[in-house]
Amino acid sequence: MYDFHDLVTPETVLADASASNRKALFTYIASVAQPAAGVDAKLLADGMADREKLGTTAFGGGIAIPHVRTDCPQGVFGIFVRLDRPIDFGAVDELPVDLIFALFSPRQAGSDHLKALARVSRALRDAGFRAKLRGAGSADALYALLSGVEARDAA
């Protein structure tokens, strides 16, 4: 099982959120990330949008991993969002996105940023894990899946 307890908290795992497009989604994610990032929400949203202009962060299967390096004082952290309705993200498979794991890293967090991005990408490429995330009944259930609570309880 996957364990992202070091990247997410119960407050940063959101179920059945609404967003009509990427801009609205980035604004929403940034408002949730602002307290942890210690950076203005508009800067966070603009950072995600700027990164997206370089190429889509959606890689297929309804998944996107927008990410930004910013002046946040804490280490790498994430916001997980499951949308109530998928939105277009310009994915290579042309499928709309409903599962988003946004990563925020300090500018100097070179390898930590890349390692977190690789961990999240690997997990979200797992079709079984994606199915569990889509089937989870609440934000608490999503958090349990993402933080590895299920795996630790089974041990």
Test item: [X] side-chain N/O and [Y] main-chain N/O as donor-acceptor pair under 3.5 Å:
{"X": "R82", "Y": "L133", "result": "yes"}
{"X": "S121", "Y": "L117", "result": "no"}
{"X": "R22", "Y": "I87", "result": "no"}
{"X": "T56", "Y": "F89", "result": "yes"}
{"X": "R130", "Y": "L124", "result": "yes"}

**Message:** One thing to verify: whether R85 and D98 come together as a salt bridge, which I'm taking to mean a side-chain N less than 4.0 angstrom from a carboxylate O.
**Reply:**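 Not counted as a salt bridge, because no side-chain N and carboxylate O are separated by less than 4.0 Å.
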Shortest non-hydrogen separation from [X] to [Y] and the atoms involved:
{"X": "G75", "Y": "P106", "answer": "C-CD, 3.8 Å"}
{"X": "E52", "Y": "P66", "answer": "OE1-CB, 4.5 Å"}
{"X": "A15", "Y": "S138", "answer": "CB-C, 4.0 Å"}
{"X": "A102", "Y": "F104", "answer": "CB-CE1, 3.9 Å"}
{"X": "A136", "Y": "A141", "answer": "CB-CB, 3.9 Å"}
{"X": "A45", "Y": "F26", "answer": "CB-O, 3.7 Å"}

Cluster overlap [X] with [Y], hydrophobic side-chain contacts below 4.5 Å:
{"X": "V13", "Y": "L103", "answer": "yes"}
{"X": "V97", "Y": "I29", "answer": "yes"}
{"X": "V81", "Y": "L145", "answer": "no"}
{"X": "V76", "Y": "I65", "answer": "yes"}
{"X": "V32", "Y": "F101", "answer": "no"}

**Message:** Suppose we call two aromatic rings close when their centres sit under 6.0 Å apart. Are F80 and F4 close by that rule?
**Reply:**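 No: the rings miss the under 6.0 Å criterion.
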To the nearest 0.5 Å, what is the distance between [atom1] ([X]) and [atom2] ([Y])?
{"X": "L114", "Y": "R119", "atom1": "CG", "atom2": "CZ", "result": "13.0 Å"}
{"X": "N21", "Y": "K23", "atom1": "CG", "atom2": "NZ", "result": "8.0 Å"}
{"X": "R134", "Y": "L99", "atom1": "CZ", "atom2": "CG", "result": "4.5 Å"}
{"X": "I63", "Y": "T57", "atom1": "CD1", "atom2": "OG1", "result": "11.0 Å"}

**Item:** Trace of the side chain to side chain contact (heavy atoms under 4.5 Å, CB included) decision for L7 with T12
**Value:** CA-CA 9 Å; L7 297 177; T12 63; over 6 Å; no
**Item:** Residue Q108 excluded, over 12 heavy atoms near CD under 6.0 Å
**Value:**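 Counting neighbours around CD of Q108, more than 12 heavy atoms of other residues, nucleotides or ligands fall under 6.0 Å, so yes.
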**Asked** Going through the checks in order, is the side chain to side chain contact (heavy atoms under 4.5 Å, CB included) test met by Y28 and I79?
**Response** CA-CA 10 Å; Y28 177 63; I79 307 289; over 6 Å; no
**Item:** L83 vs L25 side-chain heavy atoms within contact, under 4.5 Å
**Value:**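 The answer is yes, as the side chains (C-beta and beyond) meet within the 4.5 Å cut-off.
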**Prompt:** Would F129 and L146 count as a side chain to side chain contact (heavy atoms under 4.5 Å, CB included) if you check the C-alpha gap in whole Å, the side-chain angles of each, and the deciding distance to 0.1 Å?
**Reply:** CA-CA 9 Å; F129 188 57; L146 290 164; 4.0 Å; yes
